[in-house]
2 protein chains.
Amino acid sequence: MEKFLALSNEKQDTIRNAALACFAKHGYEKASINDIAVAAGISKASIFQYFGNKQTLYQYLFDYCAAQMKQAYNTSALEETTDFFDRVWEASVMKVENLKKHPHIASFIASVAAEPTPELKSAIFSEANEKYIASLVLHERDYKKFRHPEDAELVFQMLMLLAKGMSVQLENGVDYDGMMKEFREILNMLKHNFYKEEYLL
Amino acid sequence: MEKFLALSNEKQDTIRNAALACFAKHGYEKASINDIAVAAGISKASIFQYFGNKQTLYQYLFDYCAAQMKQAYNTSALEETTDFFDRVWEASVMKVENLKKHPHIASFIASVAAEPTPELKSAIFSEANEKYIASLVLHERDYKKFRHPEDAELVFQMLMLLAKGMSVQLENGVDYDGMMKEFREILNMLKHNFYKEEYLL
DNA sequence: GCGCAAATAACCGAAACGGTCAATGCTTAT
DNA sequence: ATAAGCATTGACCGTTTCGGTTATTTGCGC
């Protein structure tokens, strides 16, 4: 594996992305090293040169993704933002920026959770991370801004579902910036309809 | 193929579901007849007895899904319902009931669209169907009920995204009834916050 | 027990699998 | 220019699995 880490960063990225995409799409068993090699534009033998065997490559990708996902969120920025909808927006931007940089990590992690041999660490870790971010976004002190304070939690759950829908769209090739622009408009609209007038500037 | 149609409906269903799930998960190339046979609890040879070859089976499933999806929506009921949010609810119930009955059709159709040899008929047909339902749900005459009539279209787009998010959750094993209950609550909440008071009973 | 169709175990050649290795380039130091 | 050194790969290994066929077994009405 030192062989692989000695490569240029761009080449590492190409290979990682090819492997992540293949494993995500086909799962561990059905993704062949040859598929990955072709997708990466290198020879099959090179991959064995770099990683020794299929399992080691898979484990490496998993560790890489776990590390990358921890970096994805800037939690301190979230803590400093005072408005609920602004925090939702910030967290979404962080998520999408990360998705732009590493387009296949999310679907790879999702596919690991679906493996018949579930190292469910992945699902658990990934879910725990999401829950943690969620807990940073919704606070009780946000409730009072709502015309009907009891709506706040349901609005939040709705926004989580909305985010899932957006992720699907992005995976299907919808453009990032257009999607984010629409999402920004949705947040503004929700704010104007759900907040008391005194909290709208 | 007459051999297959002579089977009992339950057995047909078992085999179809197994095949749909395998093709949806792995795609045409990587889904093997053996996978399907094991999933269906019958022998590989039987599948060839019924369908002759892999391609014929795939084509049969595609035709079957297309036919099934046309039946899924009761458009006349939609046309008779006068309130926007009620129509959204009705269309969602139809979609979810269909998903309960035929759990793998949606993902199979989605996977056909992702085939490297895209008979893009599937994507086009499926999308056209969705667009048509959408056109039945939102009418201009709904706008006036909104506190801000210009919000109506964006609310609708938001609800479409929300539906996508819900589909993801359902595919991941979240229970149907709980999800639908939450969605009903969301719709009520939106209605109460977006409609003018005079339109709330 | 017999006849017959439905189901399958056993099998086919071909292809693809994970993995190895000797031969090729491609640098770089002399 | 050349030889050493190393990253890269085409060709190959034994094994498994592929789509598809065939010969045998099974279950069932009579």
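Throughout, protein chains are lettered first and strands after them, A, B, ... in sequence-line order, and every chain is numbered starting at 1.
Near DNA chain D, meaning a heavy atom under 4.0 Å from it, residues 21-31 of chain A has no residue at all. The stretch residues 37-59 of chain A touches DNA chain D through I42(A), S43(A), A45(A), S46(A), Q49(A), Y50(A), each having a heavy atom under 4.0 angstrom from the strand.
Atom CG of L7(B) and atom P of dT8(C) are 10 Å apart (whole Å). Rounded to a whole Å, the CZ atom of F4(A) is 11 Å from the P atom of dT8(D). If you measure from atom NZ of K3(B) to atom P of dA5(C), you get 10 Å, rounded to the nearest angstrom. In this structure, N34(A) places its CG atom 13 Å from P of dT9(D), rounding to the nearest Å.
Using cut-offs of 30° and 60° on the angle between ring planes, the pair Y28(A) and F23(A) is parallel. Note on ring orientation: taking the six-membered ring where Trp is involved, the planes of H102(B) and Y64(B) are perpendicular (angle over 60°, cut-offs 30° and 60°).
Two residues are said to be in side-chain contact when any heavy atoms from C-beta on lie closer than 4.5 Å; D151(A) and H192(B) fail this criterion. For the pair D175(B)/L170(B), no side-chain contact is recorded, criterion being any heavy-atom separation below 4.5 Å from C-beta on.
Here the two rings, on Y195(B) and F85(B), have centers that are under 6.0 Å apart.
Set against dA7(C), dG18(C), dC17(C), the side chain of D35(A) has dC17(C) as its closest nucleotide.
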Under the criterion side chain to side chain contact (heavy atoms under 4.5 Å, CB included), I'd like the reasoning laid out for I36(A) against L57(A): C-alpha separation, chi angles, the key distance, then a yes or no. CA-CA 11 Å; I36(A) 296 169; L57(A) 166 59; 4.2 Å; yes
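Side-chain polar atoms of S32(A) and D35(A) form a donor-acceptor pair below 3.5 angstrom.
Here T75(A) pairs with nothing under the side chain to side chain donor-acceptor pair (under 3.5 Å) rule; sequence neighbours left out.
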